[in-house]
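Written below as structure tokens is the structure these notes are about.
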2 protein chains.
Amino acid sequence: MKLITRETDYAIRALVHIAKSDKEIVTVTDLVETTAVPRPFLRKLLQTLNREGVLKSFKGKSGGFTLALSPEEILITRIITIFQGTMQLNECMFKKDICPNTETCSLRKILNNIQDYATRSFAGVTLKEIMKEEPHES
Amino acid sequence: MKLITRETDYAIRALVHIAKSDKEIVTVTDLVETTAVPRPFLRKLLQTLNREGVLKSFKGKSGGFTLALSPEEILITRIITIFQGTMQLNECMFKKDICPNTETCSLRKILNNIQDYATRSFAGVTLKEIMKEEPHES
DNA sequence: ACAAATGATACTGATTTGGTATCATTTCAT
DNA sequence: ATGAAATGATACCAAATCAGTATCATTTGT
Ligand code: FES
Ligand code: FES
């Protein structure tokens, strides 16, 4: 039961490294060294972030990636949604059926509360906050 | 990203039905009718609940299941743990490595908070509460 | 022209989840 | 005793998701 998948995690860490880098343009090779994420997987992931407008990419000889937005503009919920879809902790069970009584199910209420809390917790958290004290340098 | 798996859901619903039933001993056949869960799957699941001491089973001709504890003694966290292991929403990424800096990772903090909230939300919730207004009759 | 970068996309392998199938054992009713 | 009707134990299977590869095309600076 994981809130955050490996891909999301990798993505966030890559973003942090790009944001922190002193180079203007960061290449996949750089990131493979700093993050130790398998190269082809990382590549796919960065391409996705580019397509989604979180990164800007430059092709050709001295190409690479930069942030398309400033760290304080990049919500991490955005990243999560990109790789995991919208956060939905509770689906009414018996999926095929229509649940007649969503109002009165106490289990559902609990799950909904947790989800609301999660949503509030993430609200407004941007890459900037995460950057502040990211571990896993090396 | 689901908090509760299908198996857990089925289990809870089966327990509710057993608890509500007027029969002393409830058989799998009864439950297949009331819950529409596939029979062999349901069987496996009830056997597990029996092994774990949540249900009591009776073999032989007029056998079946009853609750081994009263509804107010059955914590639903117990059920969740049985089928999904202990709730752990955050694993430090890069599993193989030891994460050097668990204290300062802001992402981890958020995840931990959510997990604590979830734990508190479930604390003390028993089958009895869930029973009160279980939908999906029919 | 060529090397060094990304773009696009299809494929593969591992794990987890949801579900089956089968046979053994117990017990009640006759 | 015996057989039907229940559960116990266990091995198996299929679909979905997750993690990762492989390949070829395109762009661009030198
Ligand atoms: S199972 Fe449908 S609302 Fe609870
Ligand atoms: S990634 Fe290890 S604590 Fe955040």
Side-chain angles (χ1 to χ4, degrees), chain A residues 1-14 18 23-33 35-66 68 80 82-85 88 91 93-96, chain B residues 1-14 18 23-33 35-66 68 80 82-85 88 91 93-96:
Chain A
M1 193 201 304
K2 271 176 310 180
L3 238 34
I4 283 193
T5 173
R6 196 115 133 215
E7 209 175 359
T8 306
D9 176 38
Y10 287 168
I12 293 175
R13 277 197 277 156
I18 294 173
K23 303 185 184 171
E24 270 308 307
I25 287 187
V26 181
T27 133
V28 169
T29 307
D30 295 340
L31 290 170
V32 167
E33 282 163 12
T35 65
V37 173
R39 185 188 198 90
F41 198 45
L42 184 54
R43 248 157 75 59
K44 199 171 61 169
L45 192 155
L46 293 172
Q47 285 176 9
T48 305
L49 289 173
N50 176 50
R51 240 180 285 119
E52 297 286 337
V54 177
L55 290 179
K56 243 186 323 200
S57 79
F58 302 91
K59 295 179 81 171
K61 180 86 191 247
S62 50
F65 298 88
T66 60
I80 297 178
I82 288 172
F83 293 104
Q84 313 186 27
Q88 182 68 36
E91 328 171 18
M93 291 79 208
F94 251 9
K95 323 193 171 193
K96 297 297 161 50
Chain B
M1 195 199 306
K2 271 175 311 180
L3 238 36
I4 284 193
T5 174
R6 195 115 132 215
E7 208 175 0
T8 306
D9 176 39
Y10 287 167
I12 293 176
R13 277 196 277 158
I18 294 173
K23 302 185 184 171
E24 270 308 306
I25 286 187
V26 181
T27 135
V28 169
T29 306
D30 294 340
L31 290 170
V32 166
E33 282 163 12
T35 65
V37 173
R39 185 187 199 93
F41 198 45
L42 184 54
R43 247 155 76 59
K44 199 171 62 169
L45 192 155
L46 293 171
Q47 285 175 10
T48 304
L49 289 173
N50 176 50
R51 239 180 285 118
E52 297 285 338
V54 177
L55 290 177
K56 242 185 326 197
S57 80
F58 303 90
K59 295 178 80 172
K61 181 84 190 248
S62 51
F65 298 88
T66 60
I80 296 178
I82 288 173
F83 292 104
Q84 312 185 28
Q88 181 69 36
E91 326 170 20
M93 290 79 209
F94 252 10
K95 324 195 171 191
K96 297 295 160 50

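Every chain is numbered from 1, with letters handed out A, B, ... down the list of sequences.
Here dG20(D) presents its P atom at 13 Å from CZ of Phe83(A), a figure rounded to the nearest Å. Atom-to-atom, NZ of Lys23(A) to C1' of dA5(C) comes out at 13 Å; the value is rounded to the nearest Å. One atom, CG of Asp9(A), and another, C1' of dC18(D), lie 14 Å apart when rounded to the nearest Å. For the pair Lys2(A) NZ and dC18(D) P, the interatomic distance rounds to 8 Å; values are reported in whole Å. One interatomic measurement links the two molecules: CZ of Phe41(A) to P of dT9(C), which rounds to 18 Å at whole-angstrom precision.
Val26(B) meets the side-chain contact (heavy atoms from CB on, under 4.5 Å) test with Ile18(B), Ser21(B), Asp30(B), Leu31(B); sequence neighbours excluded. Residues satisfying the side chain to side chain donor-acceptor pair (under 3.5 Å) criterion with Glu52(B), sequence neighbours excluded, are absent altogether. Residues satisfying the side-chain contact (heavy atoms from CB on, under 4.5 Å) criterion with Ala11(A), sequence neighbours excluded, are Leu45(A), Leu49(A), Ile79(A), Phe83(A). Under the rule for a side-chain contact (heavy atoms from CB on, under 4.5 Å), the partners of Ser57(B) that lie at least two apart in sequence or sit in another chain are Asn50(B), Phe65(B). Applying the side-chain contact (heavy atoms from CB on, under 4.5 Å) criterion to Gln47(B), with sequence neighbours excluded, gives Arg43(B), Arg51(B).
At the heavy-atom level, Pro40(B) lies under 4.0 Å from base atoms of the strands shown.
Side chain to side chain, Thr5(B) and Gln84(B) fail the donor-acceptor criterion of an N or O pair below 3.5 Å.
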Give me, pair by pair, the N or O atoms of the protein and of nucleotides 4-10 of chain D that are less than 3.5 Å apart, along with how far apart they are.
from	atom 1	to	atom 2	distance (Å)
dT7(D)	OP1	Val28(B)	N	3.1
dT7(D)	O3'	Ser57(B)	OG	3.3
dG8(D)	OP1	Asn50(B)	ND2	2.7
dG8(D)	OP1	Ser57(B)	OG	2.4
dG8(D)	N7	Gln47(B)	NE2	3.2
dG8(D)	O6	Arg43(B)	NH2	2.9
dA9(D)	N7	Gln47(B)	OE1	3.1

What's touching nucleotides 12-16 of chain C from the protein side, N or O pairs under 3.5 Å?
none

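Closest approach of Gly53(A) to Ala68(A), counting heavy atoms only: O-CB, 3.3 Å.
For the OP1/OP2 pair of dA19(D) and a distance below 4.0 Å, the side-chain nitrogens and oxygens of Tyr10(A) include no atom meeting the criterion.
Distance check: Thr29(A) OG1 to Glu33(A) CD gives 7.0 Å after rounding to the nearest 0.5 Å.
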